[in-house]
K.L.:
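Supplied in structure tokens, the structure appears directly below.
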Amino acid sequence: MVQQFISEQLVIILNGLSGAATLFLLGTGMSLIYGMLNFLNLAHAAFLPLGAYLGASLIHATVGAVGGTLGFVGLFVVFFVLLLVVVPVTVSAIGLAMEQTAFKPLYGLEDDYQLLATFGVILMMEDAMKFIWGGQPVSATAPANLLGSFSLPGRTYPWWSVLTILVTVLVAATLYYFFEETRLGKITLAMAEDDEAVSFTGIDTRSIHLKVFVIGIALAALGGALYLPLASMTTGLALEFVILAFAVLVIGGLGSLKGAITASLIIGMVQAYGSYYVPVLELAIVFLLMAAVMLVKPTGLFGEIEA
Amino acid sequence: MASSFDPDGEIVKSGVPNIREKVGRRRFMKGAGTATVAASMGLAGCSNPAKQGGGSAGGGEIPSEPLRMACIGFTSGPASVFGTPMMQSARMVVDRINQEGGILGEREIEMEEFDENVDEIVQQYRRLATQEDFDVIVGYISSANVLSIAPIAEELGQPTVVWDTGTTDLFDKANKDPQYVFRTCASSSTDAIGAARLLQTALTDVETVAGVNQDYAFGRNNWDLFTQAIESLGIDVEIVDSRFTPFPNDDYSSTISALNSTNPDFIYSSHWGGDAVNFITQANSQGLFDDTLPCFTAGSHVIGNIPDEIPEGIIFGARGPHYPFGTQQWNSLHEQFVENYQSEYGEPPYAHGAFHAWQAIWAYVYSIERAYNLSGQYPTKDQWVKSMEGIGFNSPSGFVNMPQGSHNVVEPSFYGFSDPQEDRVDLRDTVWIAPEHVNPPPSMTTSEWISSL
């Protein structure tokens, strides 16, 4: 009985952490980009399904081309390189091209115009993905199937979720180190506080903007690539993710890495425990959380920029 | 000894559909001789109602302008998994009719497509009915949407053919005295009572049951009917959990963990579309189906989307006898339809909505042609209503029948076990349950009828 309870709690916690991992990878970029560029880019959420769709195509191509001939280790390395390197790099290249063409003209506009324009971009990206990958669900479970599951009393749990959590912890740690310990990171944070003052020192802020933008997009694409093997992609996902990304932004505070980490963890765990024990609140729970945080601290838990 | 009959009334095989092997492995079956509820449908020979009265009348003027038909279904969002094949089927059916000259061989159909994935479904309906003046509005996949528009259809006197939505609340609550609204597919009653009868007669070793359904009109309605039927039929099972998941949804990890904890013998789920795809994918990875028998009452269409994710032996239904493969290839219309669809779109019509689109459009065309042949005049909309009432015709899914006094078609309940093949997943050991065992008579609401069982 006790063993059963422990395994139940462990699974809920793992569910919460893997949900938090996806949210962190999605929300961090959006939050940093808003913090630094004062650019509220709703379209950021569309890069997650884009990464997943691209990942699915690459996985299918790999499985079709080499199948099981590479063996477990070989195939896993190929999957890992595709999902963790090729997908983020390719999607961030697409993001960079979009930054130069679609987003750059929006930088000086008021928030509400940015919201409307970037929402339009989401819809266009959704249609583009539907055009390329079709309206049917696209899944690529081969990497998760390859890793398999481990047993707990009364249940099994996929290793892929554990891998997702570990990769995200590594990414979060790297980002933390970058922002806290490196010169470029410190400049980036300073720019989030006062962009103009930093530019007076002769630093090329535009180049740093672009770097942060590309990192943000790459993180969202990585989120999609890690999310893919345990789910399937259908059109409309970008619109679902935009709400969650927005929740990370609001709860954590704009432009804060600590905020993104904390908010993702809170949302992930509250969703996992909430939908387990109070399933009727599954849909409302994130909004209740957002409302509660905004009542207590309108700038978000770690936000210092006025919302 | 019970017999199984296909929807055309032909005996498929005598005795019990062979589901012993599967349920035996799961220790659910109580020996041989368990009966399915399938029975004769007692169908009248009425294969093409358009021919009724043919030769004795006709000759009246047929409008020269094309008939304007609005078709509404989800062509975007996660539900497009289901809606897109449905719309493709509608397009194909209308093209075939037009190639033959159109309705009565003379009046072409001008079909326009509309996405159901809009916030203002009522406004969209009003606009199509009043400003755009469509002769007939055919559509709706979402139960919630059809509950909203049904009263408006009656208010406006707009001929409306509901082609896929399932909730029994449509004619039991939202539109109790329908005139211009017809539903040309079976309601959720078919699935829910069918699944309960499956437990009663074939899966008698099931002791614990859980439900996981989408949290909107269709999912709630399904679970209510199923639990009512369990109680009314006196089936000896314990309901250990009932969960309603947001619609649409992509993360089922907590729901699956919770179901793993209660570890039911049988799961009733009316999930469909992208939600069903995600639920099944994630349930597999968390081992939910290892010692639990899930029954997806309206989910067989996802087999075409994720064949690799479908383990052997899951129970699938299709809101009626709609499936391209397995043991269902039992009439020439079915064969033609599957073949045409496959050659047109490069994939088989897994989505039962594709079959429902066929039924809806042909029901409308047949009713116009029947009225014309009987009266000699192209029917007014009130004459069309009279012609639709009691219509019955052969379809790719067998005989489609709208009992006199009802505006709702009844269909047999249909279930089968997933059977992965090299290149696709079939359904094997299919169980048919005749319409009268899973649908209320026209004089009763579904709930009243279930209580009387």
Side-chain angles (χ1 to χ4, degrees), chain A residues 4-5 7-12 14-16 18-19 22 49 123 126-127 130 134-142 144-145 147-149 151-152 154-161 227 229-237 239-241 244 268 271-277 279-280 282-284, chain B residues 74-85 87-88 117 212 215-216 241-263 273-282 284-291 301-302 304-309 347 350-351:
Chain A
Q4 192 75 23
F5 178 78
S7 107
E8 192 173 303
Q9 296 305 308
L10 183 61
V11 165
I12 301 173
L14 286 171
N15 285 338
S18 68
T22 306
L123 298 179
E126 282 256 329
D127 271 357
K130 190 177 170 191
Q136 302 294 308
V138 172
S139 58
T141 51
N145 294 342
L147 272 187
S149 303
S151 294
L152 289 163
R155 66 194 76 223
T156 58
Y157 201 79
W159 277 114
W160 190 265
S161 288
Y227 183 78
L230 288 177
S232 61
M233 298 298 117
T234 50
T235 51
L237 264 186
L239 295 174
E240 284 179 48
F241 278 119
L244 292 170
Q271 267 190 324
Y273 271 95
S275 54
Y276 192 95
Y277 288 111
V280 74
E282 187 168 350
L283 200 59
Chain B
F74 290 109
T75 52
S76 66
S80 65
V81 171
F82 187 80
T84 300
M87 202 62 92
Q88 286 177 344
N117 199 13
V212 53
D215 195 4
Y216 80 112
D241 201 359
S242 67
R243 292 187 166 256
F244 295 94
T245 57
F247 168 66
N249 189 23
D250 49 78
D251 181 8
Y252 288 94
S253 50
S254 289
T255 303
I256 292 162
S257 304
L259 288 168
N260 260 328
S261 291
T262 46
N263 195 25
D275 284 7
V277 168
N278 279 320
F279 182 74
I280 292 170
T281 307
Q282 290 165 31
N284 274 338
S285 69
Q286 289 199 42
L288 177 62
F289 301 154
D290 290 352
D291 53 3
H301 63 97
V302 305
N305 304 126
I306 46 166
D308 297 342
E309 294 301 313
E347 59 187 14
Y350 280 102

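Throughout, protein chains are lettered first and strands after them, A, B, ... in sequence-line order, and every chain is numbered starting at 1. Computed from a predicted structure; not experimentally measured. Hydrogens, waters and symmetry mates are skipped; everything else that's a heavy atom, side chains included, is used.
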K.L.:
Minimum heavy-atom separation for B:Arg243 and A:Tyr276, please, with both atom names.
P.N.:
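Heavy-atom minimum between the residues: NH2-O, 2.6 Å.
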K.L.:
Can you name the residues that form a ring-ring contact (aromatic ring centres under 6.0 Å, His included) with B:Phe74, not counting sequence neighbours?
P.N.:
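Partners of B:Phe74 under the ring-ring contact (aromatic ring centres under 6.0 Å, His included) test: none.
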K.L.:
Which residue out of B:Gly287, B:Gly304, B:Pro246, B:Pro248 racks up the most heavy-atom pairs below 4.5 Å with chain A?
P.N.:
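Most heavy-atom pairs within the cutoff with chain A belong to B:Pro246.
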K.L.:
Can you name the nearest heavy-atom pair linking A:Ser232 to B:Val277, along with the distance?
P.N.:
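For A:Ser232 and B:Val277, the tightest heavy-atom pair comes out as OG-CG1, 3.1 Å.
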K.L.:
Using a cut-off of under 4.5 Å on heavy-atom pairs, state which of B:Ser285, B:Ser80, B:Ala79 scores highest against chain A.
P.N.:
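Most pairs with chain A among the choices: B:Ser285.
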K.L.:
Measuring from atom CG of A:Leu230 to atom CG of B:Asn284, what distance do you get when rounded to the nearest 0.5 angstrom?
P.N.:
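Output value for this atom pair is 11.0 Å.
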K.L.:
Would you mind checking which part of A:Ser275 comes under 4.5 Å of any heavy atom in chain B, side chain (CB onward), backbone (N, CA, C, O), both or neither?
P.N.:
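Looking at A:Ser275, backbone and side chain both touch chain B.
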K.L.:
Under a 4.5 Å heavy-atom cut-off, does chain B meet the side chain of A:Leu237, its backbone, both or neither?
P.N.:
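For A:Leu237, the side chain is the part near chain B, not the backbone.
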K.L.:
What part of A:Ser149 is in contact with chain B, defined as an atom under 4.5 angstrom from a non-hydrogen atom: side chain, backbone, both or neither?
P.N.:
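Just its side chain gets close to chain B.
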K.L.:
With the side chain counted from C-beta on, respond yes when A:Thr234 and B:Val81 share a heavy-atom pair under 4.5 Å apart, and no when they do not.
P.N.:
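Sidechains of B:Val81 and A:Thr234: in contact.
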K.L.:
Does any heavy atom of chain B fall under 4.5 Å from the side chain of A:Ala144, the backbone, both, or neither of them?
P.N.:
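Interface part for A:Ala144: neither.
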K.L.:
Any donor-acceptor pair under 3.5 Å linking the side chain of A:Thr156 with the backbone of B:Gln286?
P.N.:
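Pair found, side chain donor or acceptor close to backbone of B:Gln286.
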K.L.:
Assess whether atom CZ of A:Phe5 is packed by more than 12 heavy atoms of other residues, nucleotides or ligands within 6.0 Å.
P.N.:
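Counting neighbours around CZ of A:Phe5, 12 or fewer heavy atoms of other residues, nucleotides or ligands fall under 6.0 Å, so no.
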K.L.:
Looking only at heavy atoms and a cut-off of under 4.5 Å, which of A:Glu8, A:Met233, A:Glu126 has the most pairs with chain B?
P.N.:
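Option with the top pair count is A:Glu8.
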K.L.:
Quick one: do the B:Ser261 and A:Arg155 side chains pair a donor with an acceptor below 3.5 Å?
P.N.:
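Yes - a donor-acceptor pair under 3.5 Å links their side chains.
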K.L.:
So which part of B:Asn278 gets closer than 4.5 Å to some heavy atom of chain A, the side chain, the backbone, both or neither?
P.N.:
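Both backbone and side chain.
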K.L.:
Of all heavy-atom pairs between A:Tyr227 and B:Asp251, which one has the smallest distance, and what is that distance?
P.N.:
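What the structure gives for the nearest pair is OH-N, 4.4 Å.
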K.L.:
Can you confirm whether A:Asn145 sits close enough to B:Glu309 that some side-chain heavy atom of one is under 4.5 Å from a side-chain heavy atom of the other?
P.N.:
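Result yes, sub-4.5 Å side-chain heavy-atom pair found.
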K.L.:
Check whether the side chains of A:Asn15 and B:Ser257 place a donor and an acceptor atom closer than 3.5 Å, and report yes or no.
P.N.:
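Note: A:Asn15 and B:Ser257 side chains meet the donor-acceptor criterion.
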K.L.:
Does a side-chain heavy-atom distance below 4.5 Å link A:Thr141 with B:Asp308?
P.N.:
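Sidechains of B:Asp308 and A:Thr141: no contact.
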